[in-house]
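The first residue in the sequence is number 1, and the count goes up from there.
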Amino acid sequence: MKDRFNIHTVSDTLYFLKILWKINPRRVIFSFVAQIFSYAEWAFFSVFFMKYLFGAAEFGRSFAETAWFIAISMAVLFLTTGFQIWMKERYEPYTDPELYEKLNGMLFDKAANVDIACYENVEFYDTYTKAASQAYERARSVLTDTAGMIAAFFASAYVVVTLFTIHWIAGLFSFLPMIGNFLFSKVINRIEYEKKLEGTPYVRRQDYVNRVLYLSKYAKEIRMTKIKNVLDDTYEEAYGNLLAITAKYWKRLCALGLMRGVLCFPLVFEGMWLFAAYCAMVTKSILIGDFVVLANAIVSTTWMLTDLAGSIAATYQNGLYAKTLKEFMSYEAKIPEDWDGIPVPERVETLELRDVSFRYPSREMEQRLSMEERPSMEERPSTEGNYALRHVNYTFTAGKNTALVGYNGSGKSTMVKLLMRLYDPTEGTILLNGVDIRRFNLQAYRRLIGTTFQDFELFSMSVLENVIMEKLETEAQRQTALEALQKSGAQEQVMQLEKGADTILTREFDDRGAVLSGGQAQKIAVARTFAKKAPIVILDEPSSALDPVAEYQMYETIMELCNRETDKISIIISHRLSSAAMADAICLLQEGRLKEQGTHLELMEQGGVYADMFRKQAESYLQEV
């Protein structure tokens with residue numbers, strides 16, 4: 001632990017300071033200057049000022065000299081104190097938002113660049129949560145504690161040297177509080193860190209419950225079911241565990257705090273005062289002026305050295321956080337968002353899966369798939385070696401729309417994630433126009449794909465911005481969004497809103513915002529795909545919230561679009577086989593393998609899994625009628 005403090009803590013703290021220096025170097029400089037002024041005042045008035053004042057008569061200084069000394073000292077104090085007040089009341093509040101914005105911006109940029117798999121990894125998500133939740137407070141702490149540690153060191157050194165010049169025993173006394181406080185603080189801070197670390201998962205659970213209970217998208221389920229009881233139990237369980245963690249550590253923390261409070265301060269103060277009185281009154285080895293300086297300096301020295309030890313301990317704790325930040329920021333993505341490969345082709349002709357197999361990085365991640373990939377126990381496939389896909393070969397061609405069908409957990413969503421290059425295949429290759437997609441510039445490749453996700457989200461911004469998914473700045477963008485709304489069948493309903501297509505969605509920040517139905521929201525999400533005008537279209541359950549008529553109209557529009565624009569590759573995931581039957585080709589996945597492929601008529605003639613699924617759905621529709 002000692003080596004860790006001496007080497008790693010300093011390195012990690014310097015790493016954080018370099019980040020802050022890049023954000024605002026003046027703030028770093030002023031923070032150090034403010035701390036230097038604070039400790040310099042303390043050291044000056046507790047030792048030098050008192051020594052000069054009480055030694056005036058002994059050294060024959062005139063009243064005028066003493067008065068000028070006091071006046072100059074007060075003038076300097078006025079300036080340094082004024083700077084510190086300005087720093088606290090004006091400059092820090094002015095620059096704090098910049099630190100907050102730039103630090104979080106850095107974290108957000110990094111979070112947007114890590115692999116999507118990281119969000120399905122509990123350990124990584126904990127690291128990100130700790131880095132993001134503490135960045136701002138730790139930034140202030142690193143500046144204050146590091147600057148305070150350096151300033152306290154030099155101020156303390158000056159006072160301690162002065163004490164040694166008066167009496168060597170007085171100098172030794174000054175070190176006792178520092179040593180004791182340092183040792184105690186180091187142990188206490190380590191325990192506090194372990195306590196906080198142990199409690200982080202339970203705090204996250206409480207935060208999750210808090211978030212769920214106030215977000216509108218959960219409100220209906222909470223009121224119409226008994227899920228709130230489960231949430232309450234989750235919160236109570238986390239609360240109980242936090243109490244248990246507190247009970248686990250409080251005795252040690254109280255005992256250590258009591259020992260530090262008694263051994264490091266009262267006993268040392270009284271011992272030093274008794275010694276100074278003995279030297280001045282019994283042995284006559286020091287002057288009365290020196291006695292006053294000793295009595296005053298021992299208190300100041302103790303608190304300065306205590307602050308020094310506290311700053312060192314706090315720097316150690318800051319270093320632990322800085323290590324977490326450093327680990328997060330140094331993460332190297334397997335699929336870096338800024339990957340600069342070769343340019344994408346001007347025209348997309350084929351998108352091919354060649355002997356593609358995929359297995360999620362761990363069993364834990366495999367269990368955290370999207371809802372589409374979570375089959376019920378009776379439907380859950382027993383894929384070989386926990387592979388989500390196994391030896392899939394298929395070529396999507398321009399001008400042809402393909403429907404992916406299959407039971408839950410068959411691998412449909414996994415396949416489109418690979419096509420979007422959110423993951424790379426475990427085995428095999430995905431080729432665009434015969435070229436491995438890993439060779440292309442990643443952002444340029446993804447711009448080729450227009451996607452509607454099954455678990456889409458609407459943002460608290462205007463309808464138009466929710467469609468184009470960027471800031472609305474030009475008339476051309478507006479027209480693109482309106483055309484997309486018309487194609488998705490949402491335009492008529494949107495225009496009936498209070499401000500039409502400029503209406504803000506959700507009421508997160510606007511009481512007059514629009515709250516759409518599930519079908520209306522899904523049409524907005526589908527409009528995003530039309531607005532992007534991408535040569536590859538991937539729709540994951542684009543009609544799950546639509547009524548049968550709206551669903552038919554949407555698929556008719558999609559098929560017509562693909563037939564008219566022959567340069568498009570269209571891939572649709574659908575559980576409603578009546579809609580999938582409209583596609584040019586159908587691929588049926590089962591247990592991660594491509595079991596059947598062909599047109600609707602061809603697959604019905606085969607009498608295989610697809611034909612059986614279609615007949616069962618048709619019978620269900622007839623029974624409902």
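Counting heavy atoms from C-beta on, the side chains of Ile342 and Val435 come closer than 4.5 Å. For the pair Leu464 and Leu482, the minimum side-chain heavy-atom distance is below 4.5 Å. Taking the side chain as every heavy atom from C-beta outward, Leu588 and Leu603 never approach each other to under 4.5 Å. Residues Val405 and Leu589 fail the side-chain proximity criterion, which asks for heavy atoms closer than 4.5 Å. Side-chain contact between Pro97 and Thr95 is absent, with no heavy atoms from C-beta onward closer than 4.5 Å. Using a 4.5 Å cut-off on side-chain heavy atoms (C-beta onward), Glu483 and Leu485 make no contact. Counting only heavy atoms from C-beta outward, the side chains of Met329 and Tyr15 approach each other to under 4.5 Å. Side-chain contact check for Val212 versus Asn210: every heavy-atom pair is 4.5 Å or farther apart.
For Glu346, the CD atom sits in a loose shell: 12 or fewer heavy atoms of surrounding residues, nucleotides or ligands are nearer than 6.0 Å. Annotation: Arg354, atom CZ; neighbour count of heavy atoms from other residues, nucleotides and ligands within 6.0 Å does not exceed 12. The 12-atom threshold is not exceeded at CD of Glu492, counting heavy atoms of other residues, nucleotides or ligands nearer than 6.0 Å. Heavy-atom neighbours of Lys326 NZ from other residues, nucleotides or ligands within 6.0 Å: above the threshold of 12.
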Begin with the C-alpha distance, continue with both residues' side-chain angles, and end with the deciding distance and a verdict on side chain to side chain contact (heavy atoms under 4.5 Å, CB included) for Arg205 and Tyr235. CA-CA 7 Å; Arg205 292 181 190 179; Tyr235 197 92; over 6 Å; no
For a side chain to side chain contact (heavy atoms under 4.5 Å, CB included) check, start with the C-alpha distance between Met87 and Arg27, then their side-chain angles and the critical distance, and finish with the verdict. CA-CA 9 Å; Met87 179 77 179; Arg27 171 64 186 270; 4.1 Å; yes
Val203/Lys196 under side chain to side chain contact (heavy atoms under 4.5 Å, CB included): CA gap, chis, key distance, verdict: CA-CA 9 Å; Val203 173; Lys196 188 170 186 178; over 6 Å; no
Is there a side chain to side chain contact (heavy atoms under 4.5 Å, CB included) between Thr429 and Val356 once you walk through the steps? CA-CA 6 Å; Thr429 312; Val356 168; 5.8 Å; no
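Minimum heavy-atom separation, Met469 to Phe459: CE-CE1, 3.5 Å. In plain terms, the two heavy atoms of Cys587 and Leu594 that are nearest each other are CB-CD1, 3.6 Å. Nearest heavy-atom pair, Tyr394 versus Ala585, reported as atom, atom and distance to 0.1 Å: OH-CB, 3.6 Å. Contact record, Ile437 with Leu418: CD1-O, 4.0 Å, taken as the closest heavy-atom pair. Considering all non-hydrogen atoms of both residues, Arg478 and Leu472 come closest at N-CD1, 3.7 Å. The two residues Ile586 and Tyr610 come nearest to each other via the heavy atoms CD1-OH, 3.4 Å.
Here the CD1-CG distance, from Ile538 to Leu351, works out to 7.5 Å after rounding to the nearest 0.5 Å. Expressed to the nearest 0.5 Å, how far CE of Met420 lies from CG of Leu448 amounts to 13.5 Å. A distance of 7.0 Å separates CG of Leu143 from CG of Leu99, quoted to the nearest 0.5 Å. Rounded to the nearest 0.5 Å, atoms CD (Glu352) and CZ (Phe396) are 10.5 Å apart. Rounding to the nearest 0.5 angstrom, the gap separating the CG atom in Asn441 from the CZ atom in Arg446 is 10.5 Å. Atom CG in Asn24 sits 8.0 Å away from atom NZ in Lys102 (nearest 0.5 Å).
Counting only distance, with no hydrogens or angles, the side chain of Asn401 and the backbone of Asp584 share a donor-acceptor pair below 3.5 Å. In this structure, Gln479 contributes its side chain and Ala476 its backbone to no donor-acceptor pair below 3.5 Å. Under a 3.5 Å cut-off, the side chain of Ser488 and the backbone N or O of Lys523 do form a donor-acceptor pair. Judged purely by atom type and a 3.5 angstrom limit, Gln477 uses its side chain to pair as donor or acceptor with the backbone of Glu473. Between the side chain of Thr350 and the main chain of Thr397, no donor-acceptor pair closer than 3.5 Å is present. With hydrogens and angles ignored, the 3.5 Å screen pairs no side-chain donor or acceptor of Arg359 with any backbone N or O of Ala388. Under a 3.5 Å cut-off, the side chain of Ser410 and the backbone N or O of Tyr407 do form a donor-acceptor pair. For Asp436 (side chain) and Arg439 (main-chain N/O), no donor-acceptor pair under 3.5 Å exists by modelled atom type. Counting only distance, with no hydrogens or angles, the side chain of Arg528 and the backbone of Thr452 share no donor-acceptor pair below 3.5 Å. Between the side chain of Lys400 and the main chain of Ile569, no donor-acceptor pair closer than 3.5 Å is present.
Ring orientation note: the planes of Tyr91 and Trp86 are close to parallel, at an angle under 30° on the 30°/60° scale.
Counted by atom type alone, Asn433 and Glu349 present zero donor-acceptor pairs between their side chains at under 3.5 Å. Remark: the Tyr360 side chain and the Thr414 side chain contain an N/O donor-acceptor pair separated by less than 3.5 Å. Between the side chains of Ser413 and Asp540, at least one donor N or O lies within less than 3.5 Å of an accepting N or O.
Residue Val494 forms a side-chain contact (heavy atoms from CB on, under 4.5 Å) with just one option from Ile524, Thr503, Leu516, and that option is Ile524.
Between Glu92 and Arg140, at least one side-chain nitrogen of the basic residue sits less than 4.0 Å from a carboxylate oxygen of the acidic one, meeting the salt-bridge criterion.
Figure legend: cation-pi geometry between Arg90 and Tyr94, with NZ or CZ positioned under 6.0 Å from the six-membered ring centre and within 45° of its axis.
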